[in-house]
Amino acid sequence: MAEIPKAYEPQEIEERWAKAWFDEKLFRAENSADGPPFSIALPPPNITGSIHIGHMLEHTQIDMLVRWRRMSGYRTLWLPGMDHAGIGTQFVVERELAKEGIRRQDLGREEFERRIWQWKEKSGGAIKQQMIRLGASCDWTREKFTLEPALYRAVIEEFLRLYHDGLIYRARYIVNWCPRCQTAVSDLEVVHVERPGHLWHLRYPLVDGSKGSVVVATTRPETMLGDTAVAVHPDDERYKKLVGRNVLLPLMDREIPVIADTYVDREFGTGVVKITPAHDPNDFEVGKRHNLPQIDVMTNDGRMSAAAGKYAGLDRFEARKRVVEDLKALGLLEKIEDITHSVGVCDRCKSEIEPRISTQWFCKMRPLAEPAKKAVIDGLVEVVPDNQRTILLNWLDNIRDWCISRQLWWGHRIPVWHCDNCREMLPATDSSVELFEGHARAAGVPKRCPKCGGTALTQETDVLDTWFSSCLWPYSTLGWPDDTPDLRTFYPTSLLISGYDILFFWDARMIMTGMYLSGVRDGAPPKTDRADTIPFRRLYLHSLVRTSEGAKMSKTKGTGVDPLQLTQENGTDALRYMLASMAAPGTDIVLSEDRILGARAFANKIWNAARFLFLNLQKLEAHGLTIEHLASPAHRAAAPYRSGDDFALPDRWIFARAADVAERMNDALDNFRFHEAAQTIYQFFWGDFCDWYIEWVKPQITSAPTETTIATWRNIFAVLDVSLRLLHPVMPFLTEELWHRLPHERPYRSIALCEFPRVPAISDQHGVPELVELLQQIIVSARN
RNA sequence: GGGCGAUUAGCUCAGUGGUUAGAGCGCUCGCCUCACACGCGAGAGGUCGAAGGUUCAAGUCCUUCAUCGCCCACCA
């Protein structure tokens, strides 16, 4: 095999195998062994661009486990797909359109949706190609997309069940409003950043003709235009006499009452709080208790509304400046304090979030959270690392209702119709969908209003939060709500691997909706085994790849690393190995150039060890010895071989080591210790097999054949074979290439369908490792 | 304001109470030895963040503190 290059050149090999695996549908679940099912749903990447290094870390870990299970005899399904990612995708497509000077409003809803579908084809296609190229052993015949008809139907089914059970309601409430995205977002989509700001102290005069006044403090002075009261603590002696009287709201010249409410902290500031029910969650509650008017002084795009009087039309930050200036001119600006405070910004576009009253759809979470909490406490879903379990339980304990409506154009449209005549709300009659311009929409359209008989019905324009559909993923992808063979075979999935950053967004909601939709109700016994209602039996939260400053990798910040470029330079297997070797549970990863180079050297080492064997074997062909004589599948399976009456010490040792390594790798992989699995096989292959075993047997395999030589040759090929199979989950391409250079019984397909090594080949190992270690020490001193 | 994690060799990191704390990279010395210089052989390098405590035994368990990072939280 003189054609074996001296240095491992991964590009051509990887591309060839990636294509072959895909074309042959090698990882279709039906191709797996007939053993117990093992299933994983891919956390669907957002179709907002392409794969980044964080995806690659996640996919490497999933793929290692999936390949390992598949090789260990499980009927294995790794189901891939993509998420439509409502707000995220709409954001990037709007940004693309902006380059052409187009706003989505210019296009209208339908045309804009068409543009996004085009984008989806492009981005989704790119992600799929990248995953294939990076060796993800998914069953692409089962690929899914959250907006495709079957999954659209699942979402409507979910909505209707929750709606009819009274868990989904529509209400006017304070929500997090993003003026850039012009939609409400959930609490989880607001990120808090510490920023320098000001606390403005404003003086509101009493209207009783006295010169008296109260001073309130605010970080958002422009909201004072919507104040409808000031509040003091009922037991605050300083202000008791003011309660029930009025102050004059400056700039608006509106009389507003002084009210008493225990919400006020007497110790903070002056002990007087301005109350703006339409722009602050606490004030909203206070306002409800005291029947205060709610004055929304802003518009959807973050400008001041008509209710803001002469400030109407101004941008909210411009209005802030003007309000402060005007108050100062009136002598009502008591003081300005410099503070740093936490500002909520939109997770997606980083604009400042405006707490604002708005009519939205909500999902009651307490009834969903309680059974989930109990299940986690009872250990029905194993959470790894364990400390994440506490974090999850804490969150479930403090859960609040979920704002599920979004004022977007991209997503599952809420399946409710409004009667144009009487405003009655009519949910879809069933969860069926129909195709419109090639894409799904709700088909269970109500025909007439049962209340007024009107037939002019208009569907709700809001769409659902992306996570409302994502949380069905492990079962909607298997055919739910239908009872399909896939659902019966592969559900609940065996494992969920996700980043801990989406524990609340996704993982927790999957547990909650999974249990609920399976019929688990708080206080009522479930129809099936409770564990079978949880979408996954184990939950592994993997680390995040961070920059050296600790920030998350981010494309928008330019700190994202393109894994394709790194794989071009170093090879996919090397990058996979590097990521695996750093993936210790519970600790985030900072990429290191050195570690990548080390992994690349390892790939090259494996290549050259094999090359050495094949080159020397060639020399033996003159003696009539072929690889079939030495390394046929039967020969490899029958190893180890005796040299004469007994096993040679090196043989005995290397097989013992191999068995030990196999055992440790099985254990490591079963416990998500990817780094240990990677380092164990590294140490074995390089430190034991190359540095010692090959060196020891070199004299025999480089000289003319004898019986001992042949036994040695057979053993060495058997060890190579075992090594390749042990390595395969982490370095699939290289091992596939080398494995195909060994002889096989036809038909043969892939090392990926071979058995993962498990059992020791030589049982009698008393004292061998110790003896060899002693020998190695003697040899080392001799070298000195 | 709560919670979590990190702190170990020059660097990046492993270390599941038990002999002299490990790896890779880097460094020093010697090698292009007919698989590999992405390599081979031999080395140097650590009071395991600080202080207490538990234990026959602590990098590992407990307490306090420091520094860094992350998450959660409606105090204007």
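The side chain of A/Arg546 lies closest to B/C70, out of B/C70, B/C36, B/A73. In this structure, of B/A76, B/A35, B/C25, it is B/C25 that holds the atom nearest to the side chain of A/Asp594. Closest contact between the side chain of A/Ala7 and the listed nucleotides B/A14, B/A35, B/C38 involves B/C38. When the nucleotides B/C74, B/A76, B/G39 are ranked by their closest atom to the side chain of A/Ala601, B/G39 comes out on top. Distances were taken from every side-chain heavy atom of A/Ser342 (C-beta onward) to each of B/A76, B/A14, B/A73; the shortest belongs to B/A73. Nearest to the side-chain atoms of A/Arg595 among the listed nucleotides B/C13, B/A14, B/C71 stands B/C13. Relative to the side chain of A/Phe504, the nucleotides B/A35, B/C38, B/C71 differ in distance, and B/C71 lies closest. Considering only the side chain of A/Val273, B/A76 comes nearest among B/G41, B/A76, B/A35.
As a whole-Å value, the separation of A/Leu615 CG from B/A35 C1' is 7 Å. Between A/Arg220 atom CZ and B/C74 atom C1' there is a gap of 11 Å when expressed in whole angstrom units. When rounded to the nearest whole Å, the span between NE2 of A/His192 and P of B/G2 equals 18 Å. Rounded to whole Å, atom C1' of B/C38 lies 15 Å from atom CD of A/Glu569. Distance, A/His279 NE2 to B/C74 C1': 16 Å, rounded to whole Å. Here the P atom of nucleotide B/A73 and the CD1 atom of A/Ile399 are 11 Å apart, to the nearest Å. Look at CZ on A/Arg600: it is 13 Å from C1' on B/A37, rounded to the nearest Å. The separation between A/Asp280 atom CG and B/A76 atom C1' is 7 Å, rounded to whole Å.
In this structure, A/Thr702 reaches neither bases nor backbone, as no heavy-atom distance under 4.0 Å exists between it and the strands shown. At the heavy-atom level, A/Tyr682 lies under 4.0 Å from the strands shown only through sugar-phosphate atoms. If you check every strand for non-hydrogen atoms under 4.0 Å, A/Asn387 touches sugar and phosphate atoms only. If you check every strand for non-hydrogen atoms under 4.0 Å, A/Arg611 touches sugar and phosphate atoms only. A/Glu676 comes within 4.0 angstrom of a base, heavy atoms only. If you check every strand for non-hydrogen atoms under 4.0 Å, A/Lys6 touches sugar and phosphate atoms only. In this structure, A/Arg389 reaches neither bases nor backbone, as no heavy-atom distance under 4.0 Å exists between it and the strands shown. Nucleic acid contact for A/Trp686: sugar-phosphate only, since backbone atoms but no base atoms lie under 4.0 Å from a heavy atom of the residue.
Taking 4.0 Å as the cut-off between side-chain N and carboxylate O, A/Arg538 and A/Asp670 count as a salt-bridged pair. Checked for salt-bridge contact, A/Arg657 and A/Asp660 meet the test: a charged N lies under 4.0 Å from a carboxylate O. Using a 4.0 Å cut-off between a side-chain N of Lys or Arg and a carboxylate O of Asp or Glu, A/Glu352 and A/Arg220 do not qualify as a salt bridge. Under the 4.0 Å criterion applied to side-chain N and carboxylate O atoms, A/Arg673 and A/Asp667 are assigned as salt-bridge partners. Contact check on A/Arg289 versus A/Glu285 returns no salt bridge, with no Lys/Arg side-chain nitrogen under 4.0 Å from an Asp/Glu carboxylate oxygen.
The nearest heavy atom of RNA chain B to A/Asp187 and to A/Arg673 marks one nucleotide each, and the one closer to the 5' end goes with A/Arg673. Comparing A/Val190 and A/Tyr263 by the nucleotide of RNA chain B that holds the closest heavy atom to each, the one mapping nearer the 5' end is A/Val190.
Taking atom P on both nucleotides, B/U20 is separated from B/C25 by 28 Å, rounded to a whole Å. Nucleotides B/U67 and B/A51 are separated by 15 Å at their C1' atoms, to the nearest Å.
Across all strands shown, B/G17 forms no Watson-Crick or G-U wobble pair with both distances under 3.5 Å. Summarising the base pairing, B/G24 is matched to B/C11 through a Watson-Crick or G-U wobble pair whose two defining distances lie under 3.5 Å. The pairing partner recorded for B/G59 is none, the criterion being a Watson-Crick or G-U wobble arrangement whose two distances lie under 3.5 angstrom. Pair check for B/C36 finds none; no Watson-Crick or G-U wobble contact set falls under 3.5 Å. Taking a pair to require two hydrogen-bonding distances under 3.5 Å in either a Watson-Crick or a G-U wobble arrangement, B/G41 pairs with B/C29. Pair assignment for B/C4: B/G69, on the basis of Watson-Crick or G-U wobble contacts that are both within less than 3.5 Å. The partner of B/C48, taking Watson-Crick or G-U wobble pairs whose two distances both stay under 3.5 Å, does not exist in any strand shown.
Of the side-chain N and O atoms in A/Thr587, none sit less than 4.0 angstrom from OP1 or OP2 of B/C70. For B/G15, one of the phosphate oxygens OP1 or OP2 lies less than 4.0 angstrom from a side-chain nitrogen or oxygen of A/His675.
Side-chain atoms of A/Lys605 and base atoms of B/C38 include no donor and acceptor less than 3.5 Å apart.
A tilted orientation is assigned to the rings of A/Trp467 and A/Trp506, their planes being inclined by 30° to 60°. Note on ring orientation: taking the six-membered ring where Trp is involved, the planes of A/Trp607 and A/Tyr8 are tilted (angle from 30° to 60°). A/Phe602 and A/Trp686 have parallel rings, their planes meeting at less than 30° on a 0 to 90° scale where 60° marks the start of perpendicular.
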